[in-house]
Number of protein chains: 2
Amino acid sequence: MGQTQRAKSLAAETKILDAALHLFSRQGFQATSVREIAELAGVSVGNVYHHFGNKEAIFQRLIDRYWEALLDPDLPLNQVFRQAQFPDDLELAASAIEQIVDQHQEEILLIYVDVIEFRGEHIRTFYETMADRFQEAYADSFAKAKREGRLGDIDPMVAVMTACRWLFYFFTVEKCFGVPMHLGRGSKEVVDEFIRILRYGVLPRDDGHRPRVATDKDGTTSGRRA
Amino acid sequence: MGQTQRAKSLAAETKILDAALHLFSRQGFQATSVREIAELAGVSVGNVYHHFGNKEAIFQRLIDRYWEALLDPDLPLNQVFRQAQFPDDLELAASAIEQIVDQHQEEILLIYVDVIEFRGEHIRTFYETMADRFQEAYADSFAKAKREGRLGDIDPMVAVMTACRWLFYFFTVEKCFGVPMHLGRGSKEVVDEFIRILRYGVLPRDDGHRPRVATDKDGTTSGRRA
DNA sequence: TAAAACAAAACGAACGTTCGGTTTGTTTTT
DNA sequence: AAAAACAAACCGAACGTTCGTTTTGTTTTA
């Protein structure tokens, strides 16, 4: 009850933003009316316009909020980037990306709303910023690994981009688009296999590298189909 | 001028569908009005409703049209699947997928419209159908390759799914979302590198497999950096 | 008591859809 | 082969509703 004006105002703004996020991510921008947002937020239409200049400003604020969350240095994925241990950090990266997609399902759908209903510049800046951060984070690490022969013949920068994009899209398909199964295999199973492919490739190795276990020939170790 | 009634009717339907595809893919379903569609198609609003029961029926027809195109046995990608030469067919698959995304940019965006503005069941059936076709197409081939030791320790079915999904999404990002560059590298460069990663992995090989140089079937080793 | 927060009513514009009427091509009758 | 009858293709005004936004007025807080 005894809330200050600022606190009440901020609470109302949050309620409006949350309601808008819920609706925008489920039915798109144009298909969501200000009346719907107001009703779900439990405020009047007039009050919505007291806090936001117009409908699009609400959308913009939601995008900004997601963007800020992605740039947070404390975000696990950003910690992984700072360590720059590719390809050893692939498991860490995978679970960090899974966490992002899990916690920001609606915001990720918002990005696709932006792609469709606006001209989609946010997804462009997203990929371009990601590219810059890869360069920053991994350039030194890769130069050193190259000198020490710890990396193969491929371009590790392309590899890390490939991996992150795949993981991001994989979890997006699973959590946001609702395609939970993949060839009858579970999510973790597929991600682990993807990481192994990245590290060792699908073609057999004649050297000592035995990715899964040791010398088994039939590969019955992980209980796949007969 | 002397067109039959059926021909005229079909021409009008096509014009309406093309206009609707253009608009839906650029601004979404709800943001596109029937008036807009009619104007771009060069017909009256009433005529639109003569050919289609309602606005959503137009959308549905567009999705169906795309779906039929994907199931066409003559589609290059389906020919690649029938050959079932993974991982040798990766270059062929890549260019077949690139061709699909190129020729169906608008329809692919339509799928994302469906994800946002409807409940996105089409993308689910898309992925599930893809999974079934992978099983059909590659099951025998992989069993044989496994017996002959031509494949490594990984699950090839996961690998082929991984590859196709990545390629599809890669070209979608590039052509539909407008992110043409990737870490300053061109599209072909990145795809080639992705294929090499799939085959050989990022970790160095001590055996005779030298990924970058010869062993290619057609011998066209795309010239890259030393 | 002034300003901020909120609610309700009202605005014109645009929406999807309907409908009566006109044009145009085809079939039937003469 | 011309005329009459028919049906499909087509048009555009109009309907009822809903949209984003504004205006006006009331309550709450400092």
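Letters A, B, ... mirror the listed sequences (proteins, then strands); counts begin at 1.
In this structure, CZ of B:Phe29 is placed 12 Å from C1' of C:dC15, rounded to the nearest angstrom. Across the protein-nucleic acid pair, B:Ile16 atom CD1 and C:dG16 atom P stand 14 Å apart, rounded to whole Å. As a whole-Å value, the separation of B:Glu36 CD from C:dC15 C1' is 11 Å. One can place CD of B:Gln30 at 10 Å from C1' of C:dC15, the figure rounded to the nearest angstrom. Counting to the nearest Å, the P atom of C:dC6 and the CZ atom of A:Phe52 are 12 Å from each other. Atom P of nucleotide C:dC15 and atom OH of B:Tyr49 are separated by 11 Å, given to the nearest angstrom. Distance B:Glu39 CD to C:dC15 P: 11 Å, rounded to the nearest Å. Per the geometry, CG belonging to B:Leu23 stands 12 Å off P belonging to C:dG16, to the nearest Å.
For the pair A:Ser44 and C:dA8, the criterion of a side-chain N or O lying under 4.0 Å from OP1 or OP2 is not met. In terms of phosphate contacts, A:His51 brings no side-chain nitrogen or oxygen within less than 4.0 Å of OP1 or OP2 of C:dA4. Close to C:dA5, at under 4.0 Å from its OP1 or OP2, lies a side-chain N or O of A:His50.
When the nearest nucleotides of DNA chain D are assigned to B:Val45 and A:Lys55 by heavy-atom distance, the more 5′-ward of the two goes with B:Val45.
Of the candidates C:dG16, C:dT18, C:dC6, C:dG16 carries the atom nearest the B:Ser33 side chain, counting heavy atoms from C-beta on. Of the listed nucleotides (D:dA9, D:dC10, C:dC6), D:dC10 has the atom at the smallest distance from the side chain of B:Ala12. The side chain of B:Asn47 has D:dC11 as its nearest neighbour among D:dG20, D:dC11, C:dT17.
Salt bridge absent: B:Asp89 and B:Arg82 never bring a charged side-chain N and a carboxylate O closer than 4.0 Å.
Using a 4.0 Å heavy-atom distance criterion, B:Val43 is classed as a sugar-phosphate-only contact.
A ring-centre distance under 6.0 Å is found for A:Phe59 and A:Phe118. Under the 6.0 Å cut-off for aromatic ring centres, A:Phe170 and A:His182 qualify, their centroids lying closer than that. No close placement of the A:Phe142 and A:Phe134 rings is indicated, their centers lying 6.0 Å or farther apart.
When all heavy atoms of B:Ile63 and B:Asp114 are compared, the closest pair comes out as CD1-CB, 4.5 Å.
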